[in-house]
Structure formats: C-alpha cells, structure tokens
Amino acid sequence: MEIIIKPNAAEARLETANLLRRQLDRKSDSVLGLATGSTPIGVYALLVGMHAQDGLDFSRVRTFNLDEYVGLGSDHPCSYRQFMEEHLFGRVNIGVGNIHFPNGLARDITKHCDEYEAAIQKVGGIDLQLLGIGRDGHIGFNEPSSSLASRTRLKTITPQTSADNATCFGGADKVPHHVITMGVGTIMEARQCVLIATGSAKATAVAQMAEGPITADCPASVLQMHPRCQLIVDEESAGRLKRAEYYRWVYDHKPEWQRCGAAPKAVAAGSRS
Ligand code: GLP
C-alpha cells in the first residue's frame, strides 16, 4: 500500500482528484468505482472544475457506485444516487446510460446484486475504485464482520454508521437499516483502489487499516493485500500511524514520474506499491 500524507484535507483531495484525472487521461473510457460520504465531495468538486476549465471528458467514462440504501428510490433526496447527481453526474458530461447504481427498490435483491456483479464483469471490471472509510473501518457499507471475500449483497449497517450518516435523514432513527453494497471481494478485484480519509475522527480506522492485522473486524485492512492501492490522508487522519515519518520520506523521494499529483502528460506510468 502506498501511503500519502498531505498537510491538510484540501491537498489530500487535490492529490486524489489528480490521480483520477490521470486515470481518465490514460483511458478515456475508464470504469470508475465511486464512493459517497462527505469526504469525496471535495474531490468531485475538483473534478467538476477540471471538466469546466480544462475539458476533462466524462463522455466515455462508465461508473459503478459502491452502495445504496434499501427502500430509497433513485430520486429520493437522501439516496446515494441523488448525492452523486448533485456532486458529480449532474455537473459533468457523463452519459446517463454509463452510470450504474445498486437499486434500493429492487424487488429481488439477491438477483439484483448478482446482476450488478455481472454488469461489472461485462465491462471488463473496475479500473479504479475510489473509497472512503467509516470510523469503524468499513468500506462501501461492509461493516465489521463482513466476509473479506464478500460480493454485492444486502447488509445491515451499525448504529454508529446510522448516526454518522444521519444528517440528510434528520436523525439516526430515520436512516434505513438495510443497504446494498459491493462486497469486499468485489472491491478487491478493482485494478486500482484509492482510499481518501481526512480528519482526526478517522485516525484510528486509518491506523488499523494500514498497520493493523488484516481482519474482518476492520474490513478496509484487506486493502493491505491489494497489489495497487493508494491511501491518501491528511495530517489529522494520519495522526495514529506509527510509521508516518517513513511514509513521508518515501513520498518525498519518489521519482517525479511516479507522483500522483504530477501533471498528467508528464506521467509515463502509474506507481505500484
Ligand atoms: C458511508 C459510505 C462509505 C463512506 C463512509 C464515510 O458509510 N457508505 O462509502 O466511506 O460513509 O463517509 P464520510 O466520508 O462522510 O466520513
């Protein structure tokens, strides 16, 4: 895992957005796995700016979002589909037919989840999966105890996650308990994973995922097994990393062509970690 510590959240977001931009520059019909939550909002805002100012083109990009609440239609104001519409899809030139989302109103959820997996396979898999992390180490909605081999399926979120995600719903008791989420195994099949975390509330989860044991108790820890994964953090969320000094040193001494934030055209190849 490549661990990139940036001085603040704004720089962590810029690093992440530049990495996504480089992916689209390399492959205009990239398949992106996308995440919701407050953390990636600023990343999407930067991508929207790159689209508006520099013509970053989304017309051939295909997307698969990680998760959705069961019981919410795609037009529900608190659905993740609406979140993506507000922060990215409605602001760039992505084709609506290229957007894929778990359907929170699916009648046969098991069948729908199988179809979602099949749709990912049909386009050749996910090139780059953007991730956030929950305070308990969840990715997507794969809460602690999720099988590290799991596929897209129905899950029940924890009371803490309900509370963390309550803002739009006006109270934790109003947050749907059930969700559809890509599985940990599904996420691990993406060719590249990029996890962004900012703020001190994520410091414990970040340390556990990067330096703790690989365990279903912290589902994000399985990313230690991913052959190409970047963890991009600000100083606050890096606060509990034991080897932070080493990660900073590695990053500072990286060859210029390997840098995530390097100008896209100057980059010869992606970094491997
Ligand atoms: C939700 C999403 C996750 C996200 C997490 C953290 O649970 N399902 O994909 O990583 O929230 O969100 P935030 O960035 O708001 O802390």
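Quick caveat: nothing in here was measured; it's all calculated off a predicted structure. Order of appearance sets the numbers: ligands from 1, and atoms from 1 within every ligand.
For ligand 1, the atoms closer than 4.0 angstrom to any heavy atom of Lys202 are 13 (P), 14 (O), 16 (O). Which parts of ligand 1 touch Thr39 is read off a 4.0 Å heavy-atom cut-off, strictly below it: atoms 13 (P), 14 (O), 16 (O). Within ligand 1, counting atoms from 1 as listed, the ones closer than 4.0 Å to a heavy atom of Gly132 are 10 (O).
The pair Arg81-Glu86 does not count as a salt bridge, with every side-chain nitrogen at least 4.0 angstrom from each carboxylate oxygen.
For atom 4 (C) of ligand 1, the nearest protein heavy atom (residue, atom name, distance) is Thr36 O, 3.8 Å. Nearest to atom 3 (C) of ligand 1 among the protein's heavy atoms is Gly140 O, 3.4 Å. Among all non-hydrogen protein atoms, the one lying nearest atom 8 (N) of ligand 1 is Asp67 OD2, 2.8 Å.
Only the side chain of Asn165 comes within 4.0 Å of ligand 1, counting heavy atoms alone; its backbone N, CA, C and O stay farther away.
Residues Tyr246 and Tyr251 place their aromatic rings such that the two centres sit no closer than 6.0 Å.
The minimum heavy-atom distance linking Asp127 with Arg191 is given by the pair OD1-NH2, 2.9 Å. Shortest non-hydrogen contact noted between Ala35 and Leu130 is CB-O, 3.4 Å.
The shortest N or O to N or O distance between His138 and ligand 1 is below 3.5 Å. Close N/O approach between Gly134 and ligand 1 is not found [any backbone or side-chain N/O within under 3.5 Å]. On a distance-only criterion, Gly37 and ligand 1 share no N/O pair closer than 3.5 Å.
On the SG-SG cut-off of under 2.5 Å, Cys229 and Cys193 do not qualify.
In this structure, the side chains of Ser30 and Leu128 stay at 4.5 Å or more apart for every pair of heavy atoms. Under the 4.5 Å side-chain criterion, counting only non-hydrogen atoms from C-beta, Leu32 is in contact with Leu20. With a 4.5 Å cut-off on side-chain heavy atoms, Met182 and Ile120 count as touching.
Heavy-atom proximity to atom 6 (C) of ligand 1, evaluated over Ile133, Thr161, Leu34, is greatest for Ile133.
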